[in-house]
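Structure, as structure tokens:
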There are 2 protein chains.
Amino acid sequence: MQIGEVAARTELSLRTIRHYEETGLVVPSARSRGGFRLYTETDVARLMVIRRMKPLGFTLDQMRDLLDATDRLDADTPLRADEREALLERVRAYQQEAAEQVEKLRVQLSRAEDFEGTLRARLERDAHADRA
Amino acid sequence: MQIGEVAARTELSLRTIRHYEETGLVVPSARSRGGFRLYTETDVARLMVIRRMKPLGFTLDQMRDLLDATDRLDADTPLRADEREALLERVRAYQQEAAEQVEKLRVQLSRAEDFEGTLRARLERDAHADRA
DNA sequence: CTCTACCCTAACGTTAGGGTAGAGTTGTTG
DNA sequence: CAACAACTCTACCCTAACGTTAGGGTAGAG
């Protein structure tokens, strides 16, 4: 499928999807003779994974690195034990960072809620002041 | 007080505080004869407000605009009724946007939690596979 | 053909700061 | 007063992750 449909399905912009290719994050599986990017279901799935990762604040480089690790772990080609351990260690590090980031997001959310509440309270106060 | 102490108290970097001045968001109340920025408690309070706003994803321009509106509403100089109404309308718009942003943060948080969980589950699975 | 809806590359713009260099300022000692 | 550490100044270049033109090429229906 071409980029437009991919964008619609992933809710990512065309520019974003092209950018992910530029940085080597998700390279379309093929091109049409005319040069159009052609994506498979697998490519789309990968984009969805990235979309879920985005709120965690990882850089594109980190995402590429992590996806690379899981891809290699899932591949059919068997790995040497030490290679496998190294990959798992990488994934563990990202999982740790993800957990920390989740904590930060919680803090942010509560700050945001707090601020929104303050703003609303203020507006209600001002509305009452109208009659003062 | 000078910029270093302000940075310590607000947990913002020197660079960030200077940047806020460049964009007219928080201009220090004074300068020393030698040119050092000098901040008052009020300035610090303003920086704290901004720090609370940050998670809402407003641009610095928007924050400046909003702070400007609330400042004018709080000022001692009386406003014409229509001016006051216009300012309130501006604040209302930002409150709306804040509420929307809170929703987005909730979505992001749940996606992040989800992803972190997936990653953790995956690691546990791989750990068990060790013994297989 | 030709039309329309898509898609392409290339390249500069934006936001919110980070980092650095080189020079000046403050407040404290001797 | 000089010397000095600690702090601060301006100016400038750098970055990530796209947004935004501009100027063209492509797919496929009619």
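Proteins get letters first, then strands, A, B, ... in listed order; numbering begins at 1 in each. Values in this document were obtained by computation on a predicted structure and should not be read as measured data. Excluded from the calculations below are hydrogen atoms, water molecules and symmetry mates; all remaining heavy atoms, backbone and side chain alike, are included.
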* To do: Take the protein atom CD1 of B:I17 and the nucleotide atom P of C:dA16, then report the distance between them rounded to whole Å.
  => 16 Å
* **Partner nucleotide, any strand, of C:dT4 [Watson-Crick/G-U, under 3.5 Å]** => D:dA27
* Starting from the C-alpha separation in whole Å, work towards a yes-or-no answer on side-chain contact (heavy atoms from CB on, under 4.5 Å) for A:R37 and A:R18. => CA-CA 9 Å; A:R37 290 173 180 77; A:R18 292 194 187 114; 3.6 Å; yes
* Would you kindly give the CD-to-P distance between B:E21 and D:dT10, to the nearest whole Å? => 7 Å
* Between B:D71 and B:R64, does at least one N-O distance fall below 4.0 Å, as a salt bridge requires? -> no
* Establish, with yes or no, whether the OP1 or OP2 oxygen of C:dT9 is under 4.0 angstrom from a side-chain nitrogen or oxygen of A:R37. => yes
* To do: Could you please name the option among D:dG19, C:dC8, C:dG18 that lies closest to any side-chain atom of A:R31?
  => C:dC8
* Nearest-nucleotide pick for A:K54, side chain only, options being D:dA17, C:dC6, D:dC18 -> D:dC18
* Asked: Can you name the nearest heavy-atom pair linking A:V26 to A:L47, along with the distance?
  -> CG2-CD2, 3.8 Å
* Distance-only donor-acceptor test (3.5 Å): side chain B:R18, base C:dG17 -> no
* Determine the contact category for A:S13: base if any of its heavy atoms lies under 4.0 Å from a base atom, sugar-phosphate if only primed atoms, P, OP1 or OP2 are that close, otherwise nothing. => sugar-phosphate
* So, is A:S32 near the phosphate of D:dA27, with a side-chain N or O under 4.0 Å from OP1 or OP2? -> yes
* Any strand: nucleotide that pairs with D:dG19 via Watson-Crick or wobble, under 3.5 Å -> C:dC12
* Asked: Where the side chain of A:T59 is defined as all heavy atoms beyond and including C-beta, which of D:dC18, C:dA16, D:dA17 is the nearest nucleotide?
  -> D:dA17
* Before accepting this row, confirm whether a basic side-chain N of the pair B:R52/A:E113 lies closer than 4.0 Å to the acidic partner's carboxylate O. => no
* Asked: To the nearest Å, how far apart are A:M1 CE and D:dA27 P?
  -> 17 Å
* Asked: Between C:dC8, D:dA17, D:dC9, which nucleotide gets closest to the side-chain atoms of B:I3?
  -> D:dC9
* Presence of donor-acceptor pair under 3.5 Å, side chain of A:R33 and base of D:dT26 -> no
* **Residue A:L14, side-chain atoms from C-beta onward, closest of D:dT10, C:dT25, C:dC7** => C:dC7
* Which whole-number value in Å describes the distance from B:F36 CZ to C:dA23 P? -> 16 Å
* **For atom CD of B:E22 and atom P of C:dT14, their distance in whole Å** => 16 Å
* Is the shortest distance from a Lys or Arg side-chain nitrogen in A:R122 or B:D74 to a carboxylate oxygen in the other one below 4.0 Å? -> yes
* **B:E41/B:R9 salt bridge by N-O under 4.0 Å criterion** => yes
* Asked: A:E5 has an atom CD; how far is it from atom C1' of D:dA27, in whole Å?
  -> 15 Å
* To do: Tell me which nucleotide among D:dT8, C:dC8, C:dG17 gets nearest to the side chain of B:Q2.
  => D:dT8
* Report the nucleotide, chosen from C:dG17, D:dT26, D:dC18, that has the shortest atom-to-atom distance to any side-chain atom of B:H19. => C:dG17
* To do: Specify the residue among A:G34 and A:T23 whose closest nucleotide of DNA chain D lies further upstream toward the 5′ end.
  => A:T23
* Asked: Does A:Y20 put a side-chain nitrogen or oxygen below 4.0 Å from OP1 or OP2 of D:dC18?
  -> yes
* To do: Check whether any side-chain nitrogen or oxygen of A:T16 sits under 4.0 Å from OP1 or OP2 of D:dA17, and answer yes or no.
  => no
* Structure fact -> Assign each of B:F58 and B:R15 the nucleotide of DNA chain C bearing its closest heavy atom; nearer the 5' end lies the nucleotide of B:F58
* Distance, rounded to the nearest Å, where B:L38 contributes CG and C:dT25 contributes P -> 14 Å
